[in-house]
Amino acid sequence: MRSHIIRSLILPGLLFPVLASAATTINLSTGWNLVGNGDSTVIDVATRLGDSSKITTVWKWNKTTSKWAFYAPSMTTSALASYAESKGYEVLTSIASKEGFWVNAASAVVLTDSMATPPIVGAPAVTLLESDLAQGWNLVGSADGKTPSQLNAGLTSSLNAAGKAVSTAWAWDASSSKWRFYAPTLAAQGGTALSDYILSKGYLAFTSALTVTDGFWMNIGAVTPGGGSGSTTTPVASASLSSLTFTSASDWQLRIMSGTAAQNTPDADNTYRYRETRTARSVGGAPYSWGPGSSPRRGSDLHWNGSSWASCSVNFENTSTVRDANGNNTYNYCDKLETGTSSILATSDVSGRPMIDVYNEVIAASYSNWIVASAPTVLGATTFPASSKLTYQTGTSLTRAIAYYPGTDNYVYQPDAAVAAGNTTACNANPFPSDSPTATLAGLIATIKGTPCVYMAKTVTGANGIVLSSGTRNEAWGSTTLSLGTIGTAPTNLVASSATTYYTGNTRLRVAFGSGNVANYYSCQETFGGSTRNCDSIGSGTYTIETKGDAKTLSFAGLPALASSLDFTRVFVERGGHVYYGYQSTLQTSTSARLNLVGLNALFSQLGLPAFDPNTPIALTVASYAGSYNGTFTGTDSGTFSTSIGTSGVTTCSGTSVLGGAFTCNFTVTPSASDTTTAAITLGVTGNGAVFTGTINFYTGVVSGNWVNSAYSGTFAGSRF
C-alpha cells in the first residue's frame, strides 16, 4: 500500500510533511511527503504534528496488524476514534525510531523543535537492522545515509540468516510526484536491466543516499536460511503449464503463464505482471503461437473494460497481486476481460519422480487440464529433474466483461421483413430474399417476432443411400429468431449425402422480441445442414439496451433453465453500423494442476515439444494468421478474391476478374520479426503476371494493398471471416 492508496482515502492535493525526530528539522513540501523518524526518540504525533493550519493528515503503516494508523489534527479525539473505527484504521499517536510515515501538508513548512535537546555531535547513527524488517511491506525511516543498494549489501547477511531478503525498495519524490525504485534482482543482472525497467515504468532511480528524515518502503521476501546463491524467493523468471492437449509430437496445443524477472518484480501497488502464451501444432505444419484467445483469430475479440472497448495484444501484460502467506491473490486478466481470485491448494516437489506417476496422480485427482494420449508409452520411465514442482490451484472469476469478435462473419443480419413475418410468397421465393449485414438493434427488435416460414415435409438422401425425413412439422425459424447458443456438440454436414439423421439432436436456444421489452425464448431443432427448425416456446423474460462508449448492447434477464448449461450468456453489440453476436462468459471456479518452468520443459523434452523461455516474446508465424479471407479489387480491372491460411501454414488462393475471368494464384504471408500487428502479403496471379502486395492486420483480420499488372493497376481490400 503506497501513496496512491492513501490518496484514495483522503482528499488529494494536500501537503505531505515529514518529521524524523524531536530535534531534527524537517522540510516539508506542499502535498504528500514520505518521511521517517531517523532519531532515537519517539515522536508524539499530537504534540509535533498537531497544528491543523499546517498539517492535514498523518499516516503510518502497522506491519504487525497490516493496517493504517491515521491522525488528523482538525478532528477531536472522539471524532478521530470514530472515523478510524469506521474505516478500519488505527488511531496514530506515536512514531517510533526507524519508522516511516506519510504527512499531508497544507503548505510548505519547516518543522523544528526549539525546546528539544540538539543532537550530540558524533553520536552513533540510528541503524536499520534485520529485526526491524518483517516479511512483506515495511515503512521505515533510517538508512544511515546509505543508498538502497548499500543498505541491501549491509543487510543481506543478517537477513538471509533469518530467512529474509530485500525484494524492492521505494521512496517518494515529492517534487515530481514519482516513485524512486530499486530491486536487487534487477541490479544483479548487470547492464541496463534495472534502468530499463525503471524507464519502462516511469519511475526514478535512486541517485543519492537517503537522509535521516527520509521515509521509504522496503518489500522483504523470503529465502532459505544458509541456502546461498539462488536460494531466494525474490523475483526470477518463471512459468507454469496451464493446459496441455497432446495427441502426438506433430499434433498438440498448450497454454503457459509466464513472467520475466522484471515482470515478477512487484510494482508500487504490490502487483506483478505475467504473459499468456498459447502454442499449437497441426499435422503437417510447424508450431505457431499467439496470446489471448482460444485461437489466434479470437485474440482480436473486443471487450468492455468499463470505460472503452479494448483488446489484448500479443505479449499483453496481465496483472496479479503478490500471493499472501496463505497462497491467495487477485488477478486482472486482459485489461478487465476477467478479474478474480486464485488460491494455491498444494505444492509438491516432484524431482526424481517418474513422469507417468505424476501424470496418473493428476488424472486420479480429477484435474483435466493435462491430456496426454498414450501417456504410459510416451512418458515411459523418464523422471522429472531436480527443482521440478507440481502445484494444484483454484481460480474463481469475480467479473467477466461483455465481449464480441469484430469479424464480418460475426455480423447479425437484418432479415427480410416479409420472410421474418412468415409471408408464404416471400418464404417460397426463388431467389430467397437476402438479409442485410447492415443492422441495428432497433431494427432487429422490430422485425424478429417469432413467426416461422411453414413448409411441407421434406426428404433427402443421406449417407449410404438412407432416406432422411424432416417429419410432418417443417418450420423454418432462422429468420424470425436470434441465437442464444446451442446445446450439444453433434456435427453438421453441408452435404446431405454425408448425414445420417435429418436433425442433429442439438438444441438451439433462440429469442424473439415482444412489446414492452419482452424477450420470448424458444427451444429449436437443428437440421443436418445447420438450419433452425421447429421451435417451441420455453418461457419469456426481458431485454435491456445500454450505451457503452460508442456502442449499444442488448442483454437478457429471466433466461430459461436450459440456458444454464451454456458457459456464456448472449449479448448483442451494435457498433459501427453493424450488430455483432457478443457474449459474457459465466462466472466459474476452476481447478488446475501446474508444472513450474523446470518441470514443464522436462515434460516438453520428453514429448518432443519446443522448450519454453519466459524471456523470449511471442513471435507470430504464418499459421498464427490462420483463417479465410475474402475481398475485392478495383482499378483498371475489378473482381473478387478468396484466400485461406491453414493451421499448418499452407495457403490457398483464387479469384475472378471482370477482364480475365476466373484465376488461380499463389498466396505468401510474411510475418514481421518486430511488428505483432501486421504481416506482409503477396498474391501472385497465375498466368497473367498480376501481383497484389499489402498487409494483413492480425487483430482486425483486414487485408489491404495495391495490385499491378503491366498497364493495369488498382487497390484491393478484404477481411477475415
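Residue numbers count from 1 along this sequence. In what follows, every heavy atom counts, from backbone to side chain, and hydrogens, waters and symmetry copies are set aside.
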For residues [X] and [Y], report the shortest heavy-atom separation together with the two atoms involved.
X: Ser483; Y: Arg510; value: CB-NH1, 3.4 Å
X: Pro614; Y: Gly259; value: CB-O, 3.8 Å
X: Leu484; Y: Tyr521; value: CD1-CD2, 3.7 Å
X: Thr347; Y: Ile344; value: OG1-CG2, 3.6 Å
X: Ser342; Y: Arg323; value: OG-NH2, 3.0 Å
X: Ala512; Y: Gly450; value: CB-N, 3.5 Å

Quick check on [X]: does its [atom1] atom have over 12 non-hydrogen neighbours (other residues, nucleotides or ligands) under 6.0 Å away?
X: Lys548; atom1: NZ; value: yes
X: Lys201; atom1: NZ; value: yes
X: Lys552; atom1: NZ; value: no

So, [X] and [Y]: side-chain donor and acceptor under 3.5 Å apart, yes or no?
X: Arg278; Y: Ser295; answer: no
X: Asn520; Y: Ser540; answer: no
X: Thr647; Y: Ser282; answer: yes
X: Thr399; Y: Thr339; answer: yes
X: Asn315; Y: Ser313; answer: no
X: Thr504; Y: Glu526; answer: yes
X: Thr394; Y: Thr591; answer: no
X: Ser343; Y: Asn328; answer: yes
X: Asp301; Y: Tyr583; answer: yes

[X]: what forms a side chain to side chain contact (heavy atoms under 4.5 Å, CB included) with it, not counting sequence neighbours?
X: Thr321; value: Thr271, Asn329, Thr330
X: Ser368; value: none
X: Ser565; value: Ile487
X: Ala611; value: Asn601

Atom pair [atom1]/[atom2] of [X] and [Y] - distance to nearest 0.5 Å:
X: Thr481; Y: Ile448; atom1: OG1; atom2: CD1; value: 7.0 Å
X: Tyr629; Y: Ile645; atom1: OH; atom2: CD1; value: 4.5 Å
X: Ser258; Y: Glu276; atom1: OG; atom2: CD; value: 10.0 Å

Which label fits [X] and [Y]: parallel for a plane angle under 30°, tilted from 30 to 60°, or perpendicular past 60°?
X: Trp137; Y: Trp217; answer: perpendicular
X: Tyr203; Y: Phe181; answer: tilted
X: Tyr413; Y: Tyr411; answer: tilted

Side-chain contact, heavy-atom cut-off 4.5 Å: [X] with [Y]?
X: Ile545; Y: Ile445; result: yes
X: Cys312; Y: Leu337; result: no
X: Asn369; Y: Ser242; result: no
X: Asp550; Y: Arg575; result: yes
X: Arg297; Y: Tyr405; result: yes
X: Leu302; Y: Tyr580; result: no
X: Trp61; Y: Ser66; result: yes
X: Tyr331; Y: Asn318; result: no

Review point. Hey, mind stepping through Phe604 and Phe612 against ring pair (Phe, Tyr, Trp, His ring centres under 6.0 Å) and telling me if it holds?
Key: CA-CA 9 Å; Phe604 289 0; Phe612 181 80; 7.7 Å; no
Does [X] have any ring-ring contact (aromatic ring centres under 6.0 Å, His included) partners at least two apart in sequence or in another chain, and if so, which?
X: Phe513; answer: Tyr543
X: Phe572; answer: Tyr581
X: Phe568; answer: none
X: Trp477; answer: Tyr522

Review point. Checking side chain to side chain contact (heavy atoms under 4.5 Å, CB included) for the pair Thr408/His578: CA distance, chi angles, key distance, verdict?
Key: CA-CA 9 Å; Thr408 57; His578 299 284; over 6 Å; no
For [X], enumerate each residue passing the side chain to side chain donor-acceptor pair (under 3.5 Å) test, keeping only those at least two apart in sequence or located in another chain.
X: Thr319; value: none
X: Thr651; value: none
X: Asn410; value: none
X: Thr486; value: none

Check your understanding: After noting the C-alpha distance and the side-chain angles of Tyr699 and Thr677, does the key distance pass the side chain to side chain contact (heavy atoms under 4.5 Å, CB included) rule?
Key -> CA-CA 7 Å; Tyr699 301 106; Thr677 300; 3.8 Å; yes
Exercise for review: May I have the step-by-step check of side chain to side chain contact (heavy atoms under 4.5 Å, CB included) for Thr391 and Ser240, ending in yes or no?
Suggested key: CA-CA 9 Å; Thr391 297; Ser240 69; over 6 Å; no
Check your understanding: Taking Tyr625 as the fixed residue, which of Phe698, Trp290, Tyr288 is the one that meets the side-chain contact (heavy atoms from CB on, under 4.5 Å) rule?
Key ->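 Checked Phe698, Trp290, Tyr288 against Tyr625; only one passes side-chain contact (heavy atoms from CB on, under 4.5 Å): Phe698.
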Check your understanding: Can you check whether Trp309 and Tyr404 have ring centres sitting under 6.0 Å from each other?
Key ->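 That pair passes the under 6.0 Å test.
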Review point. Please walk me through it: do Asn517 and Thr544 pass side chain to side chain contact (heavy atoms under 4.5 Å, CB included)?
Key: CA-CA 7 Å; Asn517 288 73; Thr544 301; 5.6 Å; no
Check your understanding: Taking it one step at a time, do Thr695 and Asn697 satisfy side-chain hydrogen bond (donor to acceptor under 3.5 Å, both in side chains)?
Key -> CA-CA 7 Å; Thr695 60; Asn697 186 294; over 6 Å; no
